[in-house]
2 protein chains.
Amino acid sequence: MSQASAHIIDDDEAIRDALEWQFRTRGVPCTLWPSSEAFLQAWQPNWRGCIVLDIRLEGISGLACFDILRGRHCNLPVIFITGHGDVPMAVGALKKGAFDFIEKPFNDNELVELVQRAMAHDAERQRAAADRGTVESRLATLTAREREVMELILEGKYNKVIADELAISMRTVEAHRSRVFDKMQVRSAVELAQMLATLRG
Amino acid sequence: MSQASAHIIDDDEAIRDALEWQFRTRGVPCTLWPSSEAFLQAWQPNWRGCIVLDIRLEGISGLACFDILRGRHCNLPVIFITGHGDVPMAVGALKKGAFDFIEKPFNDNELVELVQRAMAHDAERQRAAADRGTVESRLATLTAREREVMELILEGKYNKVIADELAISMRTVEAHRSRVFDKMQVRSAVELAQMLATLRG
DNA sequence: GGGCCGCTTGCGGTATTCCACAATAGCGTC
DNA sequence: GACGCTATTGTGGAATACCGCAAGCGGCCC
């Protein structure tokens with residue numbers, strides 16, 4: 001898993017350096033990119049952190065870059081830096097899923113705090129996605145019948161009732177139940193319910 | 001429980017009438033208000049539906065009206081109608097929790113569909129709030145000890161283990177467990193877990 | 001034809017939960 | 001002092017869940 005970083009994309013070197021200094025003095029790891037093209041060429045799906053970019057960039061614009069990233073299923077939070085006149089553009093990006101935007105001129109702390117929130121958001125999203133992946137891969141090992149039995153277990157029904165509903169014996173339900181618990185790596189129906197609740201939440 | 005309605009606030013009578021005609025032909029119940037003041041004076045906490053208002057109104061502005069409503073803990077979805085130049089103001093409202101905004105000039109269908117989504121959102125929110133209320137009122141009947149036992153049950157632990165952890169007998173845990181199930185109106189730990197998961201979700 | 005898998009069912013036994021009833025002690029209120 | 005509530009613990013018994021082992025049947029694949 002790669003180290004999290006705030007990726008700063010700006011075609012103005014002075015601005016990049018100023019932002020880097022600011023972030024580093026606050027302990028925020030960052031990586032500088034002189035253009036959307038440079039960033040897009042380097043980007044890897046396993047990157048973590050967030051992206052900070054000016055909405056108006058030479059070459060591929062900030063918005064176009066955002067669209068391309070979304071097309072690549074990149075979920076990194078994206079923060080746009082905009083001028084006052086570009087707020088409608090930024091709003092369009094927000095509606096498309098950008099994390100936030102910040103208008104020039106802005107307070108230094110304001111941007112750093114926004115970036116910190118974005119990176120925390122990304123860390124939490126990745127953790128939650130990893131959990132879901134684990135649970136989903138376990139669910140995938142269940143046979144169709146096991147899934148049926150599991151759903152009824154999750155409704156709080158006794159094995160006897162499940163047996164009646166599926167027109168099988170209680171012993172069969174016991175056997176399925178035991179295998180479901182083994183495959184899902186839980187020891188009780190309550191643990192199973194809690195695990196699947198995090199999948200839905 | 002009151003009937004859901006789309007509350008339209010505009011100081012221009014012709015616009016109010018045009019919107020009403022549009023909504024009614026699409027089967028959307030609506031109520032017209034000539035000013036923020038009129039609406040705020042009439043507003044009741046049990047109202048359902050949504051609010052559609054121009055961001056620039058004479059007297060109390062749309063934004064000010066929104067702030068006042070939020071101050072009164074009104075959760076009705078709010079949709080702002082804005083001119084192109086007012087988008088930054090609308091964005092501020094979005095960040096404060098407004099449901100959405102729509103820029104003039106807009107397609108008739110666009111607004112009606114947005115209002116329908118807002119009303120569906122409100123209906124779902126009210127339903128979820130009612131459920132939470134029911135569950136929370138049941139939780140409130142539990143004694144401190146019952147809550148303690150319940151938390152451990154929700155971790156999937158056996159009565160025997162709970163007894164060891166709380167330094168009480170298993171029979172005491174059984175008694176508490178039984179009363180928790182009675183008060184929460186469930187018949188199993190799984191049902192309880194599912195019920196409380198909807199509280200968190 | 002044989003092996004594997006999934007589904008099914010059974011046995012015997014242990015552990016846990018549920019149900020009903022009963023009782024004591026401490027605390028707070030009337 | 002009596003009453004009500006909560007916490008606690010116990011008895012007896014029934015129902016349910018869990019565990020390990022065993023086995024047959026049908027379908028699919030090699």
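In what follows, chains carry the letters A, B, and so on, assigned in the order in which the sequence lines appear, proteins first and then strands, with residues in each chain numbered from 1.
A cation-pi arrangement, defined by a distance under 6.0 Å to the six-membered ring centre and an angle within 45 degrees of its axis, is present between B/R70 and B/F66.
A salt bridge links A/E20 with A/R24: the closest approach of a Lys/Arg side-chain nitrogen to an acidic carboxylate oxygen falls below 4.0 angstrom.
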| request: Report the C-alpha separation of B/W43 and B/H7 in whole Å, then their side-chain angles, then the decisive distance to 0.1 Å, and conclude whether the ring-ring contact (aromatic ring centres under 6.0 Å, His included) test is met. | output: CA-CA 10 Å; B/W43 180 74; B/H7 298 273; 9.8 Å; no
| side chain to side chain contact (heavy atoms under 4.5 Å, CB included) between A/F106 and A/L114, worked out | CA-CA 11 Å; A/F106 46 80; A/L114 185 52; over 6 Å; no
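If you measure from atom CG of A/L142 to atom P of C/dC7, you get 10 Å, rounded to the nearest angstrom. If you measure from atom CZ of B/R145 to atom C1' of C/dG26, you get 15 Å, rounded to the nearest angstrom.
Looking at B/D122, its side chain never comes within 3.5 Å of a backbone N or O of B/L76 through a donor-acceptor pair.
A heavy-atom distance below 4.0 Å to DNA chain D is reached by these residues of residues 166-182 of chain A, ordered by number: A/R171, A/E174, A/R177, A/F181. Contacts between residues 150-163 of chain A and DNA chain C, defined by a heavy-atom separation below 4.0 Å, involve no residue at all.
The environment of B/R56 atom CZ is sparse: at most 12 non-hydrogen atoms of other residues, nucleotides or ligands sit within 6.0 angstrom. In B/E165, the CD atom is crowded: over 12 heavy atoms of neighbouring residues, nucleotides or ligands sit closer than 6.0 Å.
Close to D/dC5, at under 4.0 Å from its OP1 or OP2, lies no side-chain N or O of B/T143.
Inspection of the B/N159 and B/R171 side chains reveals no N or O donor paired with an N or O acceptor under 3.5 Å.
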